[in-house]
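See below for the structure under consideration.
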There are 2 protein chains.
Amino acid sequence: MPEIDPDAPEWPYRQIATTLRTEIRAGLWEPGKRLSTEKALCERFGVARETLRRALDCLREDGLIFTIPHRGTYVVDPLPAPTPE
Amino acid sequence: MPEIDPDAPEWPYRQIATTLRTEIRAGLWEPGKRLSTEKALCERFGVARETLRRALDCLREDGLIFTIPHRGTYVVDPLPAPTPE
DNA sequence: AGCAATTTGTTCGTATGTATT
DNA sequence: CAATACATACGAACAAATTGC
């Protein structure tokens with residue numbers, strides 16, 4: 001069961017962003033802790049690094065994650081209130 | 001003051017080539033030095049990467065620039081004599 | 001102090017699909 | 001139809017900072 005569907009109308013990077021957003025909201029990624037590395041996430045979703053990074057950009061805009069250069073990407077703590085819309 | 005006019009009769013990539021050619025000839029880009037990255041130039045001119053690269057192709061044909069893969073695009077040193085026409 | 005591995009940052013090469021001119 | 005343009009995506013290579021030994 002691939003985690004993204006290349007044939008879906010939604011772009012892969014958006015599908016990935018949605019998946020990760022849901023997981024973070026569900027608590028699968030603990031606030032304050034580090035997310036998987038870009039490399040690991042690329043392998044998990046079967047996409048190129050650019051695509052994965054594009055997805056992370058979305059989450060960063062949501063205020064759900066932040067990245068420390070050469071260290072990793074972390075889940076914010078505490079999580080921001082979900083934005084309506 | 002956008003640097004290119006999408007409504008002009010000239011294609012955007014040609015307008016960009018002309019602008020950069022003029023700047024290089026005027027010495028705004030020092031011979032031997034690196035030009036801005038494709039990304040930065042895309043943002044400056046507000047065009048897609050393909051369009052920007054098409055403009056760089058023109059300058060490359062003019063012998064004004066050369067590109068080192070994964071490093072950047074540089075202004076030739078010395079500049080070639082302007083070709084008549 | 002030194003060194004290699006890890007990880008993110010950057011940059012160009014290429015290809016595809018869609019829309020516009 | 002052909003050329004151009006945009007957005008996305010994959011690939012490759014290199015840079016730079018961090019980490020662990």
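Below, chains carry the letters A, B, ... as their sequence lines are ordered, and counting in each starts from 1.
Here the CG atom belonging to B/L52 is positioned 12.0 Å from the NZ atom belonging to B/K39, to the nearest 0.5 angstrom. In this structure, the separation between CD1 on B/I16 and CG on B/L59 is 10.0 Å, given to the nearest 0.5 Å.
Look at CD1 on A/I4: it is 14 Å from P on D/dT8, rounded to the nearest Å. To the nearest angstrom, C1' of D/dA2 lies 12 Å from OH of B/Y13. One can place CZ of A/R54 at 15 Å from C1' of D/dG11, the figure rounded to the nearest angstrom. If you measure from atom CD of A/E43 to atom C1' of C/dT7, you get 13 Å, rounded to the nearest angstrom. Between A/L52 atom CG and D/dG11 atom P the separation is 13 Å, expressed in whole Å. Computed from coordinates, the A/I65 CD1 to C/dT8 P distance equals 11 Å when rounded to whole Å.
In this structure B/R34 satisfies the salt bridge (charged side-chain N to carboxylate O under 4.0 Å, His left out) test with no other residue, sequence neighbours excluded.
Closest approach of A/V76 and A/L79 over heavy atoms only: O-CD2, 3.7 Å.
Across all strands shown, nothing is found opposite D/dC1 as a Watson-Crick or G-U wobble partner with both distances under 3.5 Å.
Looking at the side chain of B/V47, the nearest of the listed nucleotides D/dT4, D/dA9, D/dC6 is D/dC6.
The 12-atom threshold is exceeded at CZ of A/R60, counting heavy atoms of other residues, nucleotides or ligands nearer than 6.0 Å.
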* Asked: What does nucleotides 10-21 of chain C look like as a protein-contact string, B for base, S for sugar-phosphate only, - for none, at under 4.0 angstrom between heavy atoms?
  -> BBBBB-------

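For B/Q15 (side chain) and B/E10 (main-chain N/O), a donor-acceptor pair under 3.5 Å exists by modelled atom type.
For B/A48 and A/T51, each mapped to the nucleotide of DNA chain D holding its nearest heavy atom, the one lying further toward the 5' end belongs to B/A48.
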